[in-house]
Amino acid sequence: MRTVKLAGTDLSCSRLGFGLSGLHHLLRSKDRQNLLSSALQGGITYFDSSPFYGHGLAERELGAFCDKQRGRILIASKFGIGANPWFNRFPLLMHSRLAANAALRRLTRHRSFVVAKRYDYGASSAIAALHRSLRALRTDHIDILYLHDPTLARLAEPESLFKALEDLRVSGKIRYFGLAGNVHDCLDILRRSPLAGCLLQVDAAPGNQELELLNASSVPFHSSYGHFRGTQGSIRDALAGAVIANREGVLLFSTRRAGRIGEMVQLLTSLEPP
């Protein structure tokens with residue numbers, strides 16, 4: 001698997017990135033650690049997390065894993081969607097909710113017990129969220145800090161927020177910051193507040209026209225996700241499409257199966273030799 005250099009930065013990482021949005025579905029820490037280890041052993045060095053993933057569990061698990069691996073790993077995390085404080089403090093409650101949802105889906109084919117998202121992109125909230133993430137991740141800096149699913153309407157005071165993020169970058173607590181979410185929303189924010197060196201992580205789910213819009217705008221993006229969402233065909237075909245859609249950035253994927261990681265690496269190598 002080849003290494004990519006993220007445009008406009010001094011960051012280099014694996015072509016495949018590992019997303020931690022589903023890590024909390026594994027009940028045992030041992031299994032979560034084995035999954036992260038399989039990713040690193042497979043050559044993946046880009047790990048994408050958020051305080052919202054597992055309501056803090058994903059960051060804590062990644063922190064435990066990279067405690068002795070920090071120099072080999074690029075960490076991207078986010079802020080803006082808060083963790084449920086009860087699930088954060090008592091993961092057993094979260095896993096009970098997941099089990100109840102699974103049972104309801106089997107019985108009714110409908111998801112229930114959805115936890116409402118709480119958005120907060122204030123400057124002081126961003127600083128507080130970063131320090132919580134640093135403690136959870138057991139590190140003194142985050143390589144990329146993204147706003148998580150931002151929209152213009154949700155950014156009450158973008159100037160003060162981006163000033164705070166720039167101060168955090170200058171202080172060394174983050175190396176870069178950016179936007180992660182819908183292309184339309186990211187472009188709206190950039191038109192309102194042009195950000196030098198802003199990194200983009202965009203939704204590239206099959207069937208949408210988001211990347212075409214981004215390419216037409218000439219704004220570069222650095223990583224993409226959603227390539228395998230709702231995939232009806234083969235994983236190979238989906239990955240081949242992802243390689244074409246995102247030729248030089250990070251292709252994010254998630255799995256709960258360690259064996260699937262090796263399969264993805266092998267598929268990518270067959271499509272795109274190192």
In this structure, CG of Leu36 is separated from SG of Cys66 (nearest 0.5 Å) by 9.0 Å
Please answer whether the main-chain N or O of Arg247 pairs with a side-chain N or O of Arg15 as donor and acceptor at a distance below 3.5 Å.
yes
Can Lys78 and Asp48 be said to form a salt bridge (Lys or Arg N to Asp or Glu O under 4.0 Å), step by step?
CA-CA 9 Å; Lys78 308 178 183 74; Asp48 180 86; 2.5 Å; yes
Answer yes or no: is there a side-chain heavy-atom contact under 4.5 Å between Ser224 and Gln201?
no
Are the side chains of Leu239 and Glu272 in touch, meaning some heavy atoms are under 4.5 Å apart?
no
Please test Asn34 against Ser37 for side-chain hydrogen bond (donor to acceptor under 3.5 Å, both in side chains), starting from the C-alpha separation and ending with a verdict.
CA-CA 5 Å; Asn34 285 341; Ser37 180; 5.9 Å; no
Give the intermediate values and the outcome of side chain to side chain contact (heavy atoms under 4.5 Å, CB included) for residues Thr45 and Arg72.
CA-CA 7 Å; Thr45 59; Arg72 302 173 59 191; 5.6 Å; no
Backbone N or O of Leu145 within a donor-acceptor pair of the Ser77 side chain at under 3.5 Å?
no
Can you check whether Arg138 reaches Phe65 side chain to side chain, under 4.5 Å on heavy atoms?
no
How are the rings of Phe162 and Phe177 set to each other: parallel, tilted or perpendicular (split at 30° and 60°)?
parallel
Where the side chain of Arg32 meets the backbone of Leu26, is there a donor-acceptor pair that is under 3.5 Å apart?
yes
Given 3.5 Å as the limit, does a donor-acceptor pair link the side chain of His55 with the main chain of Pro51, or not?
no
Between atom CD of Gln33 and atom CG of Leu62, what is the distance when rounded to the nearest 0.5 Å?
8.5 Å
How many angstroms lie between OH in Tyr121 and OG1 in Thr151, if you round to the nearest 0.5 Å?
6.5 Å
Asn246 versus Val202: any side-chain heavy-atom pair under 4.5 Å?
no
So which heavy atom on Ala242 is nearest to which on Leu251, and how close?
O-CD2, 3.6 Å
Using a strict threshold of under 4.0 Å (side-chain N to carboxylate O), is an ion pair present between Glu248 and Arg2?
yes
Spacing of Lys5 atom NZ and Cys13 atom SG [to the nearest 0.5 Å]:
10.5 Å
Using the salt bridge (charged side-chain N to carboxylate O under 4.0 Å, His left out) criterion, which residues pair with Arg192? Sequence neighbours excluded.
Glu159
I'd like to know whether Glu263 forms a salt bridge (Lys or Arg N to Asp or Glu O under 4.0 Å) with Arg260, so could you lay out the CA-CA distance, the side-chain angles of the two residues, the decisive distance to 0.1 Å, and finally the verdict.
CA-CA 5 Å; Glu263 294 172 5; Arg260 175 56 63 86; 3.0 Å; yes
Charged N to carboxylate O below 4.0 Å: is that the case for Arg154 and Asp120?
no
Pairwise side-chain contact, Leu152 with Arg191, heavy-atom cut-off 4.5 Å (strictly under)
no
Check whether any side-chain heavy atom of Ile142 sits under 4.5 Å from a side-chain heavy atom of Ser133, and report yes or no.
yes
When you look at CD of Glu157, are more than 12 heavy atoms from neighbouring residues, nucleotides or ligands closer to it than 6.0 Å?
no
What one should report as the nearest heavy-atom pair of Gly122 and Leu161 is O-CD1, 4.2 Å
If the threshold is 4.0 Å, N to carboxylate O, is there a salt bridge linking Lys163 and Glu166?
no
Using atom types as modelled and distance alone, determine if a side-chain donor or acceptor of His24 lies under 3.5 Å from a backbone N or O of Leu57.
no
Under 3.5 Å, is there a donor-acceptor pair between the side chain of His148 and the main chain of Ala180?
no
Evaluation steps, side chain to side chain contact (heavy atoms under 4.5 Å, CB included), between Asn182 and Asp149
CA-CA 7 Å; Asn182 177 280; Asp149 288 345; over 6 Å; no
State the CD1-CG distance between Ile127 and Leu165, to the nearest 0.5 angstrom.
8.0 Å
Salt bridge flag under 4.0 Å for residues Asp140 and Arg135:
no
All salt bridge (charged side-chain N to carboxylate O under 4.0 Å, His left out) counterparts of Arg28, not counting sequence neighbours
Asp31
What one should report as the nearest heavy-atom pair of Cys198 and Leu190 is SG-CD2, 4.1 Å
Nearest 0.5 Å please: distance from the CZ atom of Arg118 over to the CD1 atom of Ile81.
10.5 Å
Step by step, work out the side chain to side chain contact (heavy atoms under 4.5 Å, CB included) result for Leu130 and Lys173.
CA-CA 8 Å; Leu130 171 66; Lys173 289 184 170 61; 3.9 Å; yes
Check which hydrophobic residues are tied to Leu6 through side-chain heavy-atom contacts below 4.5 Å, counting indirect links as well, and list them.
Val4, Leu11, Tyr46, Leu74, Ile144, Tyr146, Tyr176, Leu199, Tyr225, Val250, Leu252
Carefully, step by step, assess Ile261 and Leu16 under the rule side chain to side chain contact (heavy atoms under 4.5 Å, CB included).
CA-CA 10 Å; Ile261 294 173; Leu16 281 177; over 6 Å; no
Nearest heavy atoms of His227 and Ala238, plus distance in Å
O-CB, 4.1 Å
Counting N and O atoms only, with roles assigned by atom type, does the side chain of Ser171 sit under 3.5 Å from a partner on the main chain of Leu168, one being a donor and the other an acceptor?
yes
Got Gln69 and Leu40 here, is their nearest side-chain heavy-atom distance under 4.5 Å?
yes
For Asp203 and Ala205, the nearest pair of non-hydrogen atoms, with its separation, is OD1-N, 3.1 Å
Nearest non-hydrogen partners of Ile75 and Asp143, listed with the distance
N-OD2, 2.8 Å
